[in-house]
Amino acid sequence: MSIHPAVLAATIPDSITFAIAAAISVIGALGVVLSRNPVHSALMLVMTLFGVAVLFVEENAQFLAAVQVIVYAGAIVVLFLFVIMLLGVDRREVTERDPLRGQRAVALLLGILGLVEVILLAGGKWPTGAHSAAGAINVTGRSNVALLGDAVFTTYLLPFEITSALLVIAVIGAVVLARRPRQAGDREQPQIGGGDIITADVLGPDSLIRPEIEEATGSSDVHEELDKSSFERSDP
Amino acid sequence: MGDPLFSNGVGLAVWIIVVVKVLLAFGFLMVSVMLMIWFERKVISDMQNRIGPNRAGPFGILQTLADGIKLFFKEDLMPDKADRFVFKLAPYLTVLPAFLIFTLVPVGGVVTIAHHVVELQVADPPMGILLLLALSSVAVYGTMLAGWSSGSKYPLLGSVRASAQMISYEAAMGLSVAAVILESHSLSTRAIVAAQAPHFWDWGVFRTGVVPFLVFFVAVTAELNRPPFDLTEGEQELVGGFHTEYSSIRFALFFLAEFMNAITMSAIMVTLFFGGPDGPGFHFVRWLWPILWFLGKTLVFLYGYVWIRAALPRLRYDQLMDLGWKRLIPLSLGWLLVIAATSINAVWGFSVLGGGIVAAGVLYQSLRVSSRRREALAMEGGLGRAGRLASHQVQLRSVPDGPGAPVVTGGGTSEGGGS
């Protein structure tokens with residue numbers, strides 16, 4: 001298999017773009033882990049996704065880049081933000097104790113293993129690993145998008161359809177699990193979908209509750225108090 | 001195509017042309033936003049038998065400039081509880097997508113400047129119209145983060161509403177764009193325009209059978225939070241919506257983005273459905289006519305937006321969600337299937353159309369049954385607030401019928417699926 005001419009012609013602008021995009025992705029990834037505030041973490045994740053999208057464009061995978069932004073930045077991280085904002089997880093979390101024991105050591109080990117694997121696979125061909133593509137991505141006169149469409153809807157039709165069936169099953173499963181049949185006379189429950197029952201935690205970055213107050217009282221009384229005081233509304 | 005980074009090297013002339021195109025597009029958008037705000041105020045005034053702005057400049061045309069200068073010199077406030085960085089970031093996240101989407105729009109034909117063939121559009125990337133979807137999903141962040149970072153409750157409620165609305169309507173918008181892509185066999189905006197070229201009956205709106213255009217128009221109006229879908233800033237309910245806490249130049253940026261979006265989306269609609277710069281031209285100054293056609297068509301849509309704003313009352317929140325999820329998405333999905341089947345042959349097309357109509361009947365029946373059951377449950381006090389709201393709607397509707405719809409309990413769904 002011959003090396004794609006675009007790689008051979010990888011000149012200065014190519015390297016500069018790669019360096020900037022790679023730096024953006026790495027800084028974003030570090031930010032996701034190191035930010036104290038979950039919303040900042042989510043934003044850093046968006047930054048990483050954008051950096052990776054630029055790298056995709058650089059590799060001539062335009063469709064992948066667009067889908068990366070539409071699906072991940074546009075839908076998934078927005079959902080993360082929704083959950084963070086609505087369920088009020090945006091208090092500073094206790095990061096001293098891990099939920100799983102030995103989590104950090106294992107994560108570090110896996111990270112190093114992954115990095116070593118990538119370096120071995122790249123085989124010293126910086127910055128664009130040439131032998132990654134299974135075929136020419138650009139036949140003259142046909143765009144990457146058209147070729148991808150051809151491949152997905154002819155050669156790989158079955159895997160494609162199975163994947164879409166899997167997604168539908170996941171959606172239906174989520175709906176079934178979330179909507180347990182209601183009995184008449186059930187207690188009214190706060191519904192996020194209803195849109196107007198929100199706890200005090202939602203309110204903004206510092207969420208009305210200063211961490212020091214919470215530490216001082218050491219209980220969740222503050223929440224309830226604020227809940228009542230700031231959200232009196234006349235129930236019809 | 002390919003070679004997005006000009007790895008093979010580019011001349012100075014190409015650089016200059018690209019820079020000039022970007023600057024021209026930016027300048028054009030800024031000036032047209034200024035004119036658009038004036039236009040909207042003037043037209044609404046006319047419709048309400050008022051005079052409207054008439055002091056600054058001829059016909060008050062410089063009113064926006066005066067307002068802009070005033071906003072610029074106002075005090076810039078930031079709430080104590082605001083997240084400082086995100087608060088400052090959010091307005092830019094709103095403005096940028098609005099501008100970037102416009103770079104996709106082919107404004108005119110092709111001109112030759114100093115032996116370089118120049119397309120009259122800032123960029124024509126191979127992923128083309130997908131970039132529209134990507135950027136409009138990025139626009140959600142601006143709204144969402146503006147509300148959240150203000151650290152105040154009305155902006156937060158406004159931004160939750162806004163982002164839920166934008167995400168909901170994005171699906172319908174994407175599906176109607178897919179219909180256009182299916183007809184034009186390309187993602188590139190220039191190719192989409194070229195596919196609608198020779199006659200006006202080749203325009204996307206006719207080739208895709210009007211429905212995708214209507215869905216797109218409604219979805220875009222909701223996406224932009226324009227009336228009648230401006231629940232995010234319902235003054236009576238939410239003070240000013242997600243930008244309540246913003247002032248001075250940051251508020252101006254939100255305002256700018258709102259009107260820039262209206263212009264950009266009108267331009268996108270012209271591109272996707274009305275042939276872009278297509279139209280009869282004359283033999284002198286040949287490059288000018290496509291641009292004039294493009295501007296004229298865009299202006300029609302801008303007037304449409306203003307007209308809608310003046311004429312229609314705001315929707316209620318559950319009506320908004322019902323319209324998006326229960327009507328527009330099934331409709332555009334079904335129509336997409338019909339278009340796909342029609343492009344095989346007519347028999348397939350008509351059978352899928354028939355199937356779609358039957359499915360629509362079933363869907364309608366099931367929605368009716370579901371709303372009746374909700375009503376019945378609400379009567380017994382078994383539903384949350386959202387349920388009561390929906391049943392309230394049902395009651396309102398059934399008032400003229402007399403004693404109201406029969407209360408269906410438990411499994412009384414025997415009338416489902418009648419088609």
Side-chain angles (χ1 to χ4, degrees), chain A residues 6 9-11 13-14 17 37 39-40 43 46 53 57-58 60 62-63 65-71 73-75 77-79 81-82 84-86 90 137-138 141 143-146 182-186 188-191 193-198 202-208 230-231 235-236, chain B residues 1-9 79 81-83 85-87 89 125-128 130-131 133-138 140-141 144-145 147-153 155-157 159-161 163-164 167 170 174 185-188 317 376-377 380-389 409-410:
Chain A
T11 46
D14 216 355
T17 316
N37 188 329
V39 173
H40 290 179
L43 285 181
V46 176
V57 172
E58 196 186 16
N60 244 327
Q62 276 98 2
F63 185 75
V67 167
Q68 162 104 346
V69 174
I70 295 174
V71 174
V77 182
V78 169
L79 278 185
L81 279 175
F82 255 103
I84 292 169
M85 283 159 64
L86 284 176
D90 60 290
I137 15 180
N138 267 331
S143 68
N144 162 254
V145 183
R182 253 185 256 269
Q183 267 86 47
D186 260 3
E188 181 170 319
Q189 292 203 337
Q191 284 185 325
D196 56 357
I197 301 173
I198 294 175
V202 197
L203 289 183
D206 284 336
S207 76
L208 288 178
S230 58
F231 279 97
D235 216 346
Chain B
M1 201 176 286
D3 196 22
L5 299 171
F6 304 114
S7 314
N8 302 321
K81 295 195 188 88
D83 185 317
F85 176 69
V86 179
F87 189 81
L89 179 72
M127 53 185 153
L130 284 182
L131 208 59
L133 300 179
L135 288 171
S136 65
S137 58
V138 170
V140 179
Y141 282 99
M144 198 171 188
L145 294 173
W148 174 80
S149 68
S150 301
S152 162
K153 64 181 157 184
L156 185 83
L157 291 173
S159 78
V160 168
R161 271 188 183 186
S163 31
I167 293 171
E170 227 158 63
H185 305 292
S186 178
L187 293 176
S188 141
Y317 192 70
L377 277 173
E380 297 162 27
L383 271 186
R385 195 174 148 73
R388 267 186 272 137
L389 201 62
T409 47

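Labels below follow one simple rule: chain letters A, B, ... track the order of the sequence lines, proteins then strands, and each chain is numbered from 1.
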Item to check | Heavy-atom closest pair, residues A:I70 and B:S137 | outcome: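 Shortest heavy-atom contact: CA-OG, 4.1 Å.
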Next on the checklist: If you compare all heavy atoms of B:M144 against all heavy atoms of A:V78, which two are closest, and at what distance to 0.1 Å?
Outcome noted: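 Scanning both residues completely, I find the closest heavy atoms to be CE-O, 3.6 Å.
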Next on the checklist: What verdict does the side-chain contact (heavy atoms from CB on, under 4.5 Å) test give for A:V57 and B:M127, after you've listed the backbone C-alpha separation in whole Å, the side-chain angles of each residue and the deciding distance to 0.1 Å?
Outcome noted: CA-CA 10 Å; A:V57 172; B:M127 53 185 153; 4.1 Å; yes
Checklist entry - How would you list, by chain and number, every residue that makes a side-chain contact (heavy atoms from CB on, under 4.5 Å) with A:V77, sequence neighbours excluded? => result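 A:V77: side-chain contact (heavy atoms from CB on, under 4.5 Å) contacts with A:A42, A:L45, A:V46, A:L49, B:Y141.
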Checklist entry - B:V86: what forms a side-chain contact (heavy atoms from CB on, under 4.5 Å) with it, not counting sequence neighbours? => result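 Partners of B:V86 under the side-chain contact (heavy atoms from CB on, under 4.5 Å) test: A:H40, A:L43, B:D83, B:L145, B:W148, B:S149.
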Could you look at [X] and say if it's the side chain, the backbone, both or neither that has a heavy atom under 4.5 Å from chain A?
X	answer
B:L187	side chain
B:S186	neither
B:L133	both

Checklist entry - Hey, what do you get for CG (A:L79) to OG (B:S163), rounding to the nearest 0.5 Å? => result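 Rounded to the nearest 0.5 Å, the CG-OG separation comes to 10.5 Å.
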